[in-house]
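Below: the structure, in structure tokens.
These figures come from a predicted structure and were not determined experimentally. Below, chains carry the letters A, B, ... as their sequence lines are ordered, and counting in each starts from 1. Values reported hereafter were calculated over all heavy atoms of this structure, with side chains retained and with hydrogens, waters and symmetry mates removed.
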Amino acid sequence: MLIDLKGIVKDYQVGLEKVHALCTIDLQINKGEYVAIMGPSGSGKSTLMNILGCLDTPTAGIYKLNNAQVSTMNDDELAEIRNREIGFVFQTFNLLPRATALHNVELPLIYNGTPAAQRREMAEKSLEKVGLKDRMNHRPNELSGGQRQRVAIARALVNNPSIILADEPTGNLDTRTGDEIMEICEDLHDAGNTIILVTHEEYIAEHSDRIIRLRDGMVERDEAA
Amino acid sequence: MQIGESIFIAVDVIRSHKMRSFLTLLGVIIGVTAIIGMQSLIDGFQKNLESELEQLGTNVFYVNKYPAIQMGDDEEYRNRKDITLKEAVAIEQYCPSVVQVGPEDGQFGITAKYKDRKTSPTNYLVAAFPAYFPNNGLFVAEGRAITEVDVDNNRQVVVVGINVVEELFPYQDPIGEDIIFDGHRYQVIGVLEEQGSMFGQSQDDILIIPLTTFQKYYGRNRSLTIAVQARSPELMETAQEEVIGVLRTVRKVPLDEPNDFEIFSSETLMETFNDMTRMIRIGAIVIVSFALLVAGIGIMNIMLVSVRERTREIGIRLAIGAKRRDILFQFLVEAILLSNIGGIIGILIGIGISQLVALISPIPSAIPVGMIVIGFVFCSLVGLIFGVYPANKASKMDPIEALRYE
Ligand SMILES: Nc1ncnc2c1ncn2[C@@H]1O[C@H](COP(=O)(O)OP(=O)(O)OP(=O)(O)O)[C@@H](O)[C@H]1O
Ligand SMILES: [Mg+2]
């Protein structure tokens, strides 16, 4: 089992009130699965993704990733996990605006000390997978929205992570470009990657094998697509 | 993370905010410029003085009523008894470690005339004994120097510097000709070798006459300087002690009173000069430290702005696996680099200014290597100290909030 969540709770203190973003989520995801997470706005999808991506820590509960207890790790260990085990794709791309596509893709490798030559080779290969090798010296503002998201996917892939987490990756794209991104996701899944993706669109969720529906921070339904 | 990435980011950021970086760096630039410029002038001065002092024999010292470099009130010195020829004679007679004495006097601003030609009024008239020549490393290029006979007979003879010759005798041999200054006639008996200048003062605008002749016209009750030559450099201290003993006796200084005269050699001159410049150096370092403190606050301010502007970038880096210390390091490198760019500019301007000053004025200059190193260290420290707070702030950001920052 790749991901094992037991009784995950996430509370936010807003003023005097406590917001329960997630209440007692129990969830298992296996290696190679393609999972879509759906649910109304504010249901806790992003909160769950952030916890899965080790960007955030739960208020309570146990998160095991590859049988390692993530919930008790310190900042440095979490950074290490984010770097090696997780590839994050964001709705707003989150590329460094002043760096080239190649440099953006290289970034995770820079932080784990991969030597420069190898770094470049891996980054180029990753860009090739998303069909952007010819644009590797372009900056984000010289690329279209879809191309930017492909660069972001290449960055997520470059370290061969255990999971690819995508929080509404097509949310800022038109339908056609969104479909291109979904095709890439499908290819990645076919190549054996584990993908967890948040979406509002049923037709996008249909690409996946399994749909988890959240409501008010709880799993409402968990079924095969 | 590799330092390469940190430097790459820092250079990129500084390049993309040239004006802002420059304004931030003004404080550093001004501070470093000031210290490097001043330092190179002091160093130049010192080098010049050293090379001049080297010409003075290492076994010569001077007795004078006033100290060589005088700071503050001179009343205390003015009330002392004058140094007289009698004392020079006593030194020669009663000090076994002394080879010879050269009592001397002098007068600035002399205009010499030959027929219808006139020198500029910048000549220095020296009243000397024969010892004056070896004591000051002077050689006669043509003719002869002042001799005992000249002194004993108050002869109307003069040895002139090369500038005097150029002004008065452009086309003829000066030896044997008569020149006139201050209403008296002197025969030119010798011409000195070219001396060059010291602190912008030409050493070739010089007229040397026998001390006795000088005293006849310019008065006997003036205080003299006595150059004393020890038998050897090793005997310098002994000779000085003997001279002090003799002078205290002749001048009837009571046992419990300090000397009422000054003794200095090239060594003590150098020491005095160093004492003086040390004060200037320390003062400058204090002032520059304040300038750098202010500059450091500027750097801290701009780094805080930079951290805020790049919140999202920090979020991205944290999200893809940068550790907190990577972020800390990145911003520290940026602050240090920023500060050192200011330092380099300041060093270049400082050296440039001092070279310019040396070019258009008599003040010499030198490149102060030690100060440049200190300048770099200072700038790095300023960058480090004032970069810590912003860098720490950056590294403590919450990745999710940083990513959400607009
Ligand atoms: N930093 C925060 N502070 C306080 N409350 C928060 C914070 N982040 C999320 N929440 C709350 O937690 C709940 C879940 O938010 P989350 O962002 O996970 O929703 P979502 O399912 O991703 O919604 P959307 O589809 O709009 O992206 C919401 O009620 C939100 O207000
Ligand atoms: Mg969301």
Say you draw a straight line from CG of Leu318(B) to CG of Leu55(A); how long is it, rounded to the nearest 0.5 Å?
-> 8.5 Å

Considering all heavy atoms, the nearest Tyr111(A)-Gly321(B) contact = CB-O, 3.9 Å

When the 4.5 angstrom heavy-atom criterion is applied to Asp76(A) and chain B, the contacting part is both

Verdict with supporting geometry, Arg98(A) and Val13(B), side-chain contact (heavy atoms from CB on, under 4.5 Å) = CA-CA 9 Å; Arg98(A) 297 185 52 80; Val13(B) 168; over 6 Å; no

Spacing of Glu313(B) atom CD and Leu95(A) atom CG [to the nearest 0.5 Å] | 12.5 Å

Is the backbone N or O of Ile320(B) less than 3.5 Å from a side-chain atom of Asn83(A), with the two atoms forming a donor-acceptor pair by type?
-> yes

Ignoring hydrogens and angles, state whether a donor on the side chain of Thr92(A) or Arg404(B) is under 3.5 Å from an acceptor on the partner side chain.
-> no

Given side chains that start at C-beta, do those of Leu107(A) and Glu5(B) come closer than 4.5 Å, heavy atoms only?
-> yes

Which atoms of Ser46(A) approach chain B - backbone, side chain, both or neither, heavy atom under 4.5 Å | neither

Could you give the distance from CG (Leu96(A)) to CG (Asp12(B)), rounded to the nearest 0.5 Å?
-> 10.0 Å

Considering all heavy atoms, the nearest Arg324(B)-Asp75(A) contact = NE-OD2, 2.7 Å

With a cut-off of 6.0 Å (strictly less than), are more than 12 heavy atoms of other residues, nucleotides or ligands near CG of Asp216(A)?
-> no

Do other residues, nucleotides or ligands put more than 12 heavy atoms under 6.0 Å from Asn141(A) CG?
-> yes

Inspect the surroundings of NZ in Lys6(A) and state if more than 12 heavy atoms from other residues, nucleotides or ligands are less than 6.0 Å away.
-> no

At a heavy-atom separation under 4.5 Å, does Arg84(A) approach chain B through its side chain, its backbone, both, or neither?
-> neither

Nearest heavy-atom neighbours spanning Asn94(A) and Ile316(B) = O-CD1, 3.3 Å

With a 4.5 Å cut-off on heavy-atom pairs, point out which of Cys54(A), Gly87(A), Pro108(A), Ala99(A) contacts chain B the most.
-> Pro108(A)

Is the CZ atom of Arg20(B) crowded by more than 12 outside heavy atoms at less than 6.0 Å?
-> yes

Considering only heavy atoms, which portion of Arg310(B) lies under 4.5 Å from any heavy atom of chain A: side chain, backbone, both, or neither?
-> neither

Look at atom CD of Gln69(A) and say whether more than 12 heavy atoms of other residues, nucleotides or ligands are closer to it than 6.0 Å.
-> yes

Is it the side chain or the backbone of Ile86(A) that comes within 4.5 Å of chain B heavy atoms, both, or neither?
-> neither

If contact means a heavy atom pair closer than 4.5 Å, which residues of residues 386-402 of chain B contact chain A?
-> Pro399(B), Ile400(B)

Flag the pair Glu80(A) and Lys323(B) as a salt bridge only when some basic side-chain nitrogen lies within less than 4.0 angstrom of an acidic carboxylate oxygen.
-> yes

Heavy atoms of Ala79(A) and Ala322(B) approach each other most closely as CB-O, 3.7 Å

CD (Glu17(A)) with more than 12 external heavy atoms under 6.0 Å = no

When you look at CZ of Phe22(B), are more than 12 heavy atoms from neighbouring residues, nucleotides or ligands closer to it than 6.0 Å?
-> no

